[in-house]
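Right, one structure below, let's go through it.
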Number of protein chains: 2
Amino acid sequence: MDACAALGAKFELWRTLQLDPEGCPVRGLLDKLGDRWSTLLICSLAAGPKRFSALHRQIPDISKRMLTQTLRTLEADGLVHRDVQPTVPPSVTYSLTPLGRSFAGPLLGLVEWAETHYPAVLETRAETKRAA
Amino acid sequence: MDACAALGAKFELWRTLQLDPEGCPVRGLLDKLGDRWSTLLICSLAAGPKRFSALHRQIPDISKRMLTQTLRTLEADGLVHRDVQPTVPPSVTYSLTPLGRSFAGPLLGLVEWAETHYPAVLETRAETKRAA
DNA sequence: CAGAATCCCTGTCGATACTG
DNA sequence: CAGTATCGACAGGGATTCTG
């Protein structure tokens, strides 16, 4: 059975379970990880633990608000560990948990697919635009 | 080099390229595929071609509006093929393109990770909630 | 330094009604 | 059947300001 058939089979199974978010991992997890910043932060932290301001410098176009919020969500989901040193000024270091690191494999697969096929997608988009 | 280090290395590379969406596949593609419906539709179509109303029945809580819109985006990106039969009443069949099918592999990896680790995530979420 | 709090705008999305 | 059109609600997210 190829990946395509396997995916279809899984979908059929979820469907019989009403596709509710609690029971469907795709909806429960990918909804969260699918936002603009989560995956990017995981990629950044995959290179090693980083402090809040270091993360902010690496991804300049995220606001402090969204950086905080996204990190907290990832922490609540158990993918990221937040280490607070009670010094003055405070120093907070973020790192991937074992669970977060275990996510690197599947994510890398996705990223490699994206790198490989992104040119083709851009080409298709351009054609669609010309046709319109 | 494990997946985690590989991911970190890729991030470092993108960062030197300004992380702009045009040059960064993660931002250019996962932003689109990361919404609530795209991956679900790809899963459904992975089982085989389906007509518009069949897709709608399989995913009851998507509106016709979003179903149309999401399918059109996937078509514009070259992942989905739209086949219109000019009959009365019209019959439109959607299917995965070869590019779309090639996406099934990485997506399956993600789905399997989600299935495996979703219980742990739910547990962590529950703990966080209790602590709050 | 690492946020918390507030304001406000924008796009996203659902509901509904209509059409070829 | 397979959409399109329009409206309105709501939340995502940016900018700014304040704090321990």
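Just so we're on the same page: letters track the sequence lines, and every chain starts at 1. As the structure is a prediction and not an experimental result, all values here were calculated from the model.
- Listed candidates were D/dG13, C/dC13, D/dC1. Nearest to the side chain of B/Ser53 is D/dC1.
- For the atom pair CG (A/Leu107) and CG (A/Leu33), the distance works out to 8.5 Å, reported to the nearest 0.5 Å.
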All N/O contacts under 3.5 Å from nucleotides 15-20 of chain C to the protein, with atom names and distances to one decimal?
none

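- In this structure, CZ in A/Arg57 is found 11.0 Å from OG in A/Ser44, a value given to the nearest 0.5 Å.
- For the helix from C/dC1-D/dG20 to C/dG20-D/dC1, the rotation axes defined at the first and last 5 base pairs enclose an angle of 50°, given to the nearest 10°.
- Distance NE2 (B/His56) to C1' (D/dG3): 12 Å, rounded to an integer number of Å.
- Distance CH2 (B/Trp37) to C1' (C/dT12): 13 Å, rounded to an integer number of Å.
- You'll find the side chain of B/Lys129 stays beyond 4.5 Å of the side chain of B/Arg125, heavy atoms only.
- Distance check, rounded to the nearest 0.5 Å: CZ of B/Arg82 to CD of B/Glu75 gives 6.0 Å.
- Rounded to whole angstrom, the span from the CD1 atom of A/Ile59 across to the C1' atom of D/dG13 amounts to 15 Å.
- Between B/Arg101 and the choices B/Leu45, B/Ile42, B/Leu96, B/Leu79, the side chain to side chain contact (heavy atoms under 4.5 Å, CB included) rule is met once, by B/Leu96.
- The distance from atom CG of B/Asp35 to atom C1' of C/dT12 is 11 Å, rounded to the nearest whole Å.
- Rounding to whole angstrom units, CE of residue A/Met66 and P of D/dT16 are separated by 17 Å.
- Side-chain N/O atoms of B/Ser91 include none lying less than 4.0 angstrom from OP1 or OP2 on D/dC1.
- The distance from atom CD of B/Gln85 to atom P of D/dG3 is 13 Å, rounded to the nearest whole Å.
- Between A/Ala46 and B/Leu7, the shortest heavy-atom contact is CB-CB, 3.9 Å.
- Following rounding to the nearest Å, B/Leu67 (CG) and D/dC1 (P) show an atom-to-atom distance of 14 Å.
- Within the model, atoms CG of B/Leu67 and CZ of B/Phe52 stand 4.0 Å from one another, a figure rounded to the nearest 0.5 Å.
- An OP1 or OP2 oxygen of C/dG3 is reached within less than 4.0 angstrom by a side-chain nitrogen or oxygen of A/Tyr94.
- Residue B/Asp35 comes nearest to B/Thr39 through the heavy atom pair O-OG1, 4.4 Å, listed as atom of the first residue, atom of the second, then distance.
- The distance from atom CG of A/Leu55 to atom P of C/dC1 is 14 Å, rounded to the nearest whole Å.
- Within residues 68-83 of chain A, the residues having any heavy atom closer than 4.0 Å to DNA chain C are, in order of number, A/Thr68, A/Arg72, A/Arg82.
- Atom CG of residue A/Leu29 and atom OG of residue A/Ser38 lie 11.0 Å apart, to the nearest 0.5 angstrom.
- Contact record, B/Phe11 with A/Leu40: CE1-O, 3.9 Å, taken as the closest heavy-atom pair.
- Looking at A/Asp61 and A/Arg36, no side-chain N of the basic residue comes within less than 4.0 Å of a carboxylate O on the acidic one, giving no salt bridge.
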